[in-house]
Amino acid sequence: MADKPIEGEKRVFMTGNEVVAWAALAAKAEIMYGYPITPQNEIMHYWTRMAPKFGREFLQTEDELSAGFTTAGGVLAGRKAFTATAGPGNTLMQEPMSMAEAMRLPVVVVVQQRGGPSTATVIYSQQEVTMTTMGGNGEGLRVVYSTATHQELFDYTIKAFNTAWKYRFPTFVLGDGYQAKMRESLTIYDPEARGVTLLPAEAYLGKPGTPGVDRPPAQYRNTYNVEEELYEVLQGYFKDYEKMAPEIAEFDAFDTEDADLVVISHGVVSRAAKGAVKELRAAGYKVGYFRPITLRPLPVKELRALGGRTKQFLVAESANGQLARLLKEAAYGCPVEMLPMYKPGVGITTEEVVARVKEIAG
Amino acid sequence: MADKPIEGEKRVFMTGNEVVAWAALAAKAEIMYGYPITPQNEIMHYWTRMAPKFGREFLQTEDELSAGFTTAGGVLAGRKAFTATAGPGNTLMQEPMSMAEAMRLPVVVVVQQRGGPSTATVIYSQQEVTMTTMGGNGEGLRVVYSTATHQELFDYTIKAFNTAWKYRFPTFVLGDGYQAKMRESLTIYDPEARGVTLLPAEAYLGKPGTPGVDRPPAQYRNTYNVEEELYEVLQGYFKDYEKMAPEIAEFDAFDTEDADLVVISHGVVSRAAKGAVKELRAAGYKVGYFRPITLRPLPVKELRALGGRTKQFLVAESANGQLARLLKEAAYGCPVEMLPMYKPGVGITTEEVVARVKEIAG
Amino acid sequence: MTVAFKGRTLELEKGFWTVFPGLCKGCGLCIQKCPKKCLAWSDVLGVYGTPSIEPNDECIACGICQNVCPDCAIMVEKKKKAKAG
Amino acid sequence: MTVAFKGRTLELEKGFWTVFPGLCKGCGLCIQKCPKKCLAWSDVLGVYGTPSIEPNDECIACGICQNVCPDCAIMVEKKKKAKAG
Amino acid sequence: MGKTVKVLLAGEGGQGVQSVAQIIAEAANEEGREALYIPNFGVEQRGGVSVAYLQIGDEPIGAPKFLTGDIVIALSDRAVHRTRQYVGPQTLFVYDSSIENIEDALPANAKKILAIPALDVAKKELHPRVFNIIIMGAVVKATEVVSEADAKKAIEKKLGYKFEKNPKLRELNYKAIERGMELVARAM
Amino acid sequence: MGKTVKVLLAGEGGQGVQSVAQIIAEAANEEGREALYIPNFGVEQRGGVSVAYLQIGDEPIGAPKFLTGDIVIALSDRAVHRTRQYVGPQTLFVYDSSIENIEDALPANAKKILAIPALDVAKKELHPRVFNIIIMGAVVKATEVVSEADAKKAIEKKLGYKFEKNPKLRELNYKAIERGMELVARAM
Amino acid sequence: MSVQPAMPKSWRMDTKPHKFCPGCGHGLVLKALGMAIDELGIQDRAVFGCDIGCSLLSWDFFNVDSIQTHHGRTTPVITGLKRANPNLIGIAYMGDGGGYAIGSQHLVNAAARNERITAILVNNTQYGMTGGQMAPTTLPGQKTETTPYGRDPEKTGYPVQGPEMVAAITREGSYVARGTIANLNQLKGYIKKALQNQIEGNGFSFVEVLSACPTNWRTNAEETWNMVEKEMPKFFKVGEIKVPGAGKEGQENG
Amino acid sequence: MSVQPAMPKSWRMDTKPHKFCPGCGHGLVLKALGMAIDELGIQDRAVFGCDIGCSLLSWDFFNVDSIQTHHGRTTPVITGLKRANPNLIGIAYMGDGGGYAIGSQHLVNAAARNERITAILVNNTQYGMTGGQMAPTTLPGQKTETTPYGRDPEKTGYPVQGPEMVAAITREGSYVARGTIANLNQLKGYIKKALQNQIEGNGFSFVEVLSACPTNWRTNAEETWNMVEKEMPKFFKVGEIKVPGAGKEGQENG
Ligand SMILES: Cc1ncc(C[n+]2csc(CCOP(=O)(O)OP(=O)(O)O)c2C)c(N)n1
Ligand SMILES: Cc1ncc(C[n+]2csc(CCOP(=O)(O)OP(=O)(O)O)c2C)c(N)n1
Ligand code: SF4
Ligand code: SF4
Ligand code: SF4
Ligand code: SF4
Ligand code: SF4
Ligand code: SF4
Ligand SMILES: [Mg+2]
Ligand SMILES: [Mg+2]
């Protein structure tokens with residue numbers, strides 16, 4: 001059995017789904033649980049092809065509820081476990097993820113967004129932002145990385161495992177159908193060879209020794225008897241979350257200093273935004289580019305600073321204002337005006353962003 | 001078999017769950033589908049006791065997915081169907097509701113919020129606001145009424161059926177465990193005797209005539225082939241929704257004209273807010289009271305007007321800022337400052353609101 | 001909506017055999033099932049631009065090809081039996 | 001954590017019979033199952049303030065009551081058989 | 001009339017605090033007053049303390065729960081511990097005098113603390129089964145939110161069908177109410 | 001070097017547009033250039049038109065899709081209809097000349113429209129199976145994003161194992177590339 | 001009009017050719033279903049529900065009122081519909097993934113409650129719509145996208161015996177059979193009985209159909225038939241498994 | 001120390017008395033399970049998963065590592081755990097609602113995949129935790145909160161035959177039995193075999209237990225026993241239904 005899936009570094013050209021499978025291998029993920037759904041299927045396809053070669057495991061479950069709960073089971077057993085889903089599967093995934101939030105389980109979920117609501121399209125959207133950041137019943141105690149390139153898909157899938165195990169909040173890598181299916185180049189690498197420490201997983205259950213004899217039993221619950229008991233637990237979680245937030249919030253920005261208008265976008269749409277801002281700058285427009293990489297938590301400090309000095313934010317997203325809602329919450333009270341460029345369920349091209357900015361500039 | 005469940009008007013003293021059952025009967029709901037979950041169980045208990053007497057039906061399903069999808073089936077067959085759920089059941093309910101959104105099915109769902117995330121508590125919270133207003137994958141094309149008293153629980157359950165069938169968006173009555181379980185007085189009535197027209201249900205499927213011979217077949221789908229096709233459909237829906245929004249948005253307010261601070265809350269918490277504002281006014285504080293009744297769509301116009309003239313909003317909710325997020329979106333750009341009073345999963349008393357306002361007033 | 005499909009009818013010894021190229025997807029299931037092995041690919045293209053099928057005169061008009069076609073692209077009509085000898 | 005329950009032991013003809021009132025919830029399942037019908041409600045209250053149970057000397061120390069108690073509130077020890085005759 | 005009266009009742013599962021609260025609430029409602037009663041419920045029910053929140057007034061009741069009760073009644077050891085948080089300087093705290101070794105746990109900040117021998121009276125004078133009706137009498141007296149007559153009417157409404165069969169029961173229950181009221185009257 | 005070249009290929013399911021796009025993208029990547037290729041996919045696949053979006057340049061590619069292609073290639077009747085929207089005043093529109101009665105559907109605003117007899121050449125000169133390789137040649141010529149040699153190398157990489165067994169296949173494929181390039185060269 | 005295809009009367013002509021792949025078994029199952037609807041004369045009160053899976057492609061297949069539901073959720077949608085209007089004839093049409101994996105709780109519980117609906121489940125040994133992953137019905141050794149080295153029964157079990165399971169949890173009144181596209185007349189007969197059973201109000205009716213997915217199997221016509229006729233029946237026994245009234249069972253299992 | 005209760009060694013003393021109601025069958029099932037764990041000596045590698053349902057009250061019941069999951073989801077949690085660390089002995093403990101209603105897809109598919117876990121399902125004929133609604137196991141005529149006039153099998157079917165269903169979809173290697181709290185030694189034996197079957201790596205093991213819920217049945221002790229010993233067995237047959245190696249079945253059902 002081969003030891004390292006990736007020796008050193010390697011420039012490759014592949015689909016995003018394949019990238020995720022390689023990244024999970026590189027991150028030392030030990031077991032994947034999953035249920036088929038377009039456009040994430042090929043993550044499983046590549047994983048099942050490669051896993052046996054590196055002693056990794058796979059289980060195809062009966063649905064996404066099971067995929068989420070088996071993943072939680074794998075994590076409880078002390079393994080680096082992950083799953084991947086999309087669309088209606090992501091909707092179902094919110095039930096197990098609510099348990100992961102309640103129990104602080106470091107579950108990693110890769111989401112490749114597709115059109116919604118309902119079955120809608122199997123293709124593409126950014127319409128799973130609200131659901132992925134805020135979850136089901138509860139308060140959205142999770143981390144969400146939104147990637148824009150295959151390189152990031154690789155980097156952040158690896159990072160997601162570290163974040164999850166370090167802070168013990170469920171962690172999502174939020175891609176989409178375009179990223180899932182397109183091919184472009186990137187460099188894959190062995191993270192340890194680059195000096196990235198991969199945090200080890202730790203068993204919640206089944207540690208050595210006889211419970212009650214050698215050690216207290218490990219016993220976890222998600223149900224509380226009275227409101228105050230739950231409240232106390234949640235306050236602890238919020239505190240941890242707030243402490244973590246500035247440590248992990250990430251963003252990408254350029255040309256914002258003197259900008260009158262900053263295009264804000266996330267994920268694959270930010271590629272169009274980046275192209276457009278460059279083109280517009282070249283044409284003399286005072287535009288800037290800002291992109292949250294973590295959608296949850298958002299880089300609030302930077303956003304507010306920006307919102308304090310820029311006149312307008314143009315929020316470009318393949319959804320009907322899901323990112324914008326989060327931004328308005330984060331930048332509430334800032335004088336910046338927010339303008340919409342919402343294209344739910346369809347891609348946004350560089351040309352369109354350019355046109356929209358020119359239209360605004362009048 | 002008795003004809004009218006309620007003749008004329010009647011003052012009663014009962015739990016909120018019983019109120020919902022009576023209201024559904026009064027609204028001419030024909031069939032309830034449901035799966036047990038605390039704190040909504042007694043809706044089913046009362047319904048199953050009374051339904052046979054009035055020729056109504058009930059089906060206990062195998063889970064909430066089924067409860068939601070059978071309800072959709074009942075609606076498709078042309079019946080006034082409804083369901084009720086809470087907490088993790090509400091999380092699951094988002095899958096069928098995403099189909100209802102995609103197909104514009106007038107499904108009515110009563111939610112009695114409990115603590116979250118996960119199983120948490122079976123008691124009380126306002127932590128299902130994000131999920132109930134925004135749903136799963138998609139854009140939250142739904143109507144959500146948040147009630148505060150048993151009288152409203154009765155009135156808005158009846159109204160929910162009319163809203164759903166008139167506009168064909170899934171419609172939620174958002175209660176909570178307190179409202180579910182507490183007893184207080186209200187007047188129940190036959191809505192038609194009060195001049196309220198109950199919109200008739202209409203069959204989507206199984207209308208008279210042979211399809212393809214006497215009429216085209218009725219065929220509904222939720223899957224689209226290309227992004228643009230979905231986009232077109234959604235644009236139509238958004239248009240309908242925007243047109244509807246001002247027609248149905250509701251709120252309750254007093255003492256806001258000269259207020260420096262307005263307490264904003266919804267649902268049962270607004271009872272504490274109301275009591276507190278009255279008490280504070282009596283004590284000379286310039287405070288006001290505002291309460292959105294529709295959380296989706298919000299009464300945006302009124303909120304913004306208020307946010308334009310008030311210095312501070314104190315957002316009191318039994319959640320960690322779920323209402324506040326919606327308010328910040330709605331009031332974005334208004335100069336009003338938003339102050340938090342978040343007590344996720346626990347009740348808020350009049351005393352606490354009074355104390356908090358005094359603390360702010362300094 | 002009335003729809004009409006253009007058939008290609010062959011008169012064979014035992015019957016009238018029709019294929020509707022606008023329905024035939026060239027799957028070949030019929031060819032395999034013909035008891036007389038008398039079906040073959042045709043130059044006439046089907047709906048996806050793949051060859052449709054046609055029988056030769058071995059055909060006994062048994063209708064099996066019609067039966068197994070998932071697209072209802074074949075229609076076979078047996079000729080009335082001529083009076084025996 | 002070491003926990004100790006306070007037992008109430010009765011020495012009966014056939015054995016030592018102990019109830020732990022701190023565990024007994026007064027469900028009565030044991031009473032029903034006693035083959036000798038020798039169990040009855042006791043004045044000693046159980047954990048929920050309901051009566052616990054006690055046997056009379058009919059008890060044969062068969063242990064059935066111990067077996068059927070969902071709370072492990074009973075413990076029966078048979079006395080060593082005295083030499084016959 | 002006066003302001004809303006806030007009552008908190010707590011006891012063990014079998015002590016019937018919920019039915020006491022419910023009957024009083026219904027009696028008040030029958031009188032045309034505003035009442036709101038909410039139990040605690042949920043997983044806590046199993047093996048936990050049963051708590052009833054009751055408010056009666058002339059205006060529609062505000063928040064269903066409150067931080068501080070006007071009257072807090074605890075019927076067991078655990079109930080005393082569970083309810084201390086609801087006691088403030090205006091609170092009348094009532095507990096059953098049969099609870100042992102509870103002195104240290106009693107709220108220090110109450111306006112007044114009453115120990116009433118309700119359990120004793122029930123066991124010795126009346127019948128263990130009417131313990132909660134004695135408590136009801138105590139609440140009626142302590143709060144004066146409903147009249148004795150209306151309290152009896154409410155009992156009649158609830159248990160009338162039983163009283164029909166056995167008129168002695170009616171007497172027993174009425175007696176229990178009266179004794180409950182007396183216990184409080186005497187202790188005050 | 002120049003700006004990113006945007007190519008859109010569309011055809012029926014069996015016509016192999018996706019593999020053409022993928023091979024060219026990989027060839028470009030091998031050359032060290034930046035390439036991005038994305039297919040359409042999903043329910044549309046079944047019985048729908050197959051569309052490939054291909055971009056090659058020297059800078060990392062931006063958005064994976066685009067409104068207007070530099071070169072749009074349509075290989076069937078339905079493909080012409082499906083791809084008209086991607087044509088702008090700078091677009092070279094290429095279609096197979098075997099498509100009948102398509103004149104009215106051709107984009108009016110293209111910079112240039114080329115009809116190439118790729119299907120004919122495939123059927124008559126080479127082999128129906130290399131139709132897509134002819135198209136590949138056409139794309140290579142029209143875009144000049146990869147050299148002929150690199151295109152051949154890419155084919156070799158992809159089908160080398162088959163060529164080993166049957167060297168005639170290699171010849172056939174090389175020929176197909178060459179003919180594809182010629183068809184475009186002649187038509188331009 | 002010139003000679004026209006011998007499509008079932010209940011097929012909707014203007015949506016043909018249908019959207020299934022060449023040689024897809026769905027077309028044959030829906031042909032049998034169409035014939036059964038025709039013969040029973042229920043086109044006016046049948047409601048056809050299709051799942052997500054390749055069955056979604058049939059949402060406009062019939063001149064019958066139709067509803068496309070979610071993956072695995074056709075059973076509850078049709079159950080809800082039938083409960084609300086018992087005059088309708090509810091048909092829940094689904095794949096093996098939809099019925100035996102994600103929707104198995106609905107199948108099992110609708111069967112146990114004896115819902116008066118007809119469920120037709122197309123067993124093509126994998127997930128067609130998503131490109132050919134393992135299904136509960138995948139054969140031992142069969143290569144799929146998630147069992148690239150062949151399904152190993154040691155790791156993932158043997159093909160699920162769906163009708164046998166349904167038979168085990170239903171009582172008198174239900175109809176359970178397994179047909180095959182290799183015997184279309186028999187299949188039509190089973191489906192007819194399954195619908196008849198609903199019309200008579202007896203109870204839950206279930207027909208699994210051994211079907212073909214040449215696209216994901218990557219089979220030519222010969223191999224396709226071989227799979228359906230030779231390989232699949234080794235694991236799935238064709239025939240009627242439960243027929244109402246065939247023999248009185250006690251209502252108690254004591 | 002003075003005489004102490006004869007609790008199974010694996011019980012966690014400091015959480016006793018446990019939180020179940022007086023006379024609750026859960027206590028007895030967990031007593032049998034505790035004894036089985038003791039006798040097999042697996043306290044150090046057993047992992048106990050409890051469902052939401054009254055079983056949630058057992059989250060700190062044993063001196064065994066334990067996890068309280070969601071309603072119906074204990075099977076997948078334990079499945080995921082066992083797949084990740086096959087050295088552990090995974091026990092999925094659930095109610096009849098959790099196992100046969102909301103979690104039935106997990107039960108059925110774990111069984112079909114032959115997951116090496118042990119599932120114990122407590123059949124108390126209704127939903128205990130939520131206050132006594134109908135379950136798939138509710139007896140005909142039984143009054144529950146959602147069948148206030150008694151369960152009508154014409155409308156909602158007969159009590160689900162869970163072990164029979166599991167037996168129908170499992171193969172050689174699985175163990176399936178139905179025990180009862182009325183025979184604790186037999187029950188302990190079944191549970192032991194079910195665990196032993198997992199220890200040996202044979203396959204899925206399933207034990208349904210006829211149990212009691214005096215609280216929601218509103219029964220006194222005598223009526224409780226009557227229900228468990230007389231009424232329930234009329235619909236649920238106690239005994240072993242499938243024993244590994246009891247008879248070689250073919251791996252093909254052709
Ligand atoms: C909740 C959810 N999960 C996953 C999917 C993705 N999905 C669509 S079809 C399908 C499988 C279809 O297989 P099957 O039911 O066997 O039908 P077939 O296509 O083989 O006819 C899956 C997993 C989905 N649409 N919804
Ligand atoms: C998704 C979801 N739906 C519903 C519930 C509510 N719920 C909690 S326990 C329970 C039923 C428990 O019944 P059963 O599984 O038979 O266990 P028992 O309490 O009878 O032992 C239900 C419906 C829940 N917690 N989660
Ligand atoms: S079976 Fe039908 S579609 Fe297939 S080749 Fe024959 S005629 Fe054509
Ligand atoms: S009718 Fe019979 S013999 Fe003729 S082509 Fe068809 S299958 Fe062959
Ligand atoms: S030991 Fe046997 S005889 Fe004695 S009390 Fe217990 S059950 Fe009765
Ligand atoms: S069975 Fe146990 S708990 Fe029940 S009464 Fe007897 S000793 Fe007490
Ligand atoms: S993928 Fe398979 S099941 Fe789906 S339509 Fe094509 S052949 Fe049929
Ligand atoms: S409600 Fe029933 S099942 Fe639950 S603990 Fe009480 S007796 Fe046991
Ligand atoms: Mg399938
Ligand atoms: Mg149960």
Checklist entry - Is a donor on one side and an acceptor on the other found under 3.5 Å between the side chain of B:Gln60 and the backbone of H:Met134? => result yes
Item to check | H:Ile102 vs B:Glu62 side-chain heavy atoms within contact, under 4.5 Å | outcome: no
Item to check | Results of ring-ring contact (aromatic ring centres under 6.0 Å, His included) for H:His26 - residues two or more places apart only | outcome: H:Phe20, H:Tyr93
Item to check | ring-ring contact (aromatic ring centres under 6.0 Å, His included) involving H:Phe61 - partner list, sequence neighbours excluded | outcome: H:Trp11, H:His18
Item to check | Residue among H:His71, H:His70, H:Gln68 with most heavy-atom pairs under 4.5 Å to chain B | outcome: H:His70
Checklist entry - Near H:Arg218 CZ, under 6.0 Å, is it more than 12 heavy atoms from other residues, nucleotides or ligands? => result no
Checklist outcome for this item: The reported gap from NE2 in B:His45 to OG1 in H:Thr144 (rounded to nearest 0.5 angstrom) is 7.5 Å
Provide the closest heavy-atom pair for [X] versus [Y] in the form atom of the first, atom of the second, distance.
X: H:Ile52; Y: B:Thr119; result: CG1-OG1, 3.6 Å
X: H:Glu145; Y: B:Thr48; result: O-OG1, 3.3 Å
X: B:Tyr35; Y: H:Gly97; result: OH-O, 4.0 Å

Item to check | Contact class of H:Thr69 relative to chain B, heavy atoms under 4.5 angstrom | outcome: backbone
Item to check | H:Tyr100 versus chain B, the contacting section by heavy-atom distance below 4.5 Å | outcome: neither
Item to check | side-chain hydrogen bond (donor to acceptor under 3.5 Å, both in side chains) partners for B:Gln40, two or more places apart | outcome: none
Checklist outcome for this item: Residue from B:Asn41, B:Asp63, B:Leu65 scoring the most non-hydrogen pairs under 4.5 Å with chain H is B:Asn41
Item to check | Residues in residues 72-81 of chain B that sit under 4.5 Å from chain H, counting heavy atoms only | outcome: none
Checklist entry - Considering only heavy atoms, which portion of B:Leu59 lies under 4.5 Å from any heavy atom of chain H: side chain, backbone, both, or neither? => result neither
Checklist entry - Of the backbone (N, CA, C, O) and the side chain (C-beta and beyond), which part of B:Phe58 lies under 4.5 Å from a heavy atom of chain H, both, or neither? => result side chain
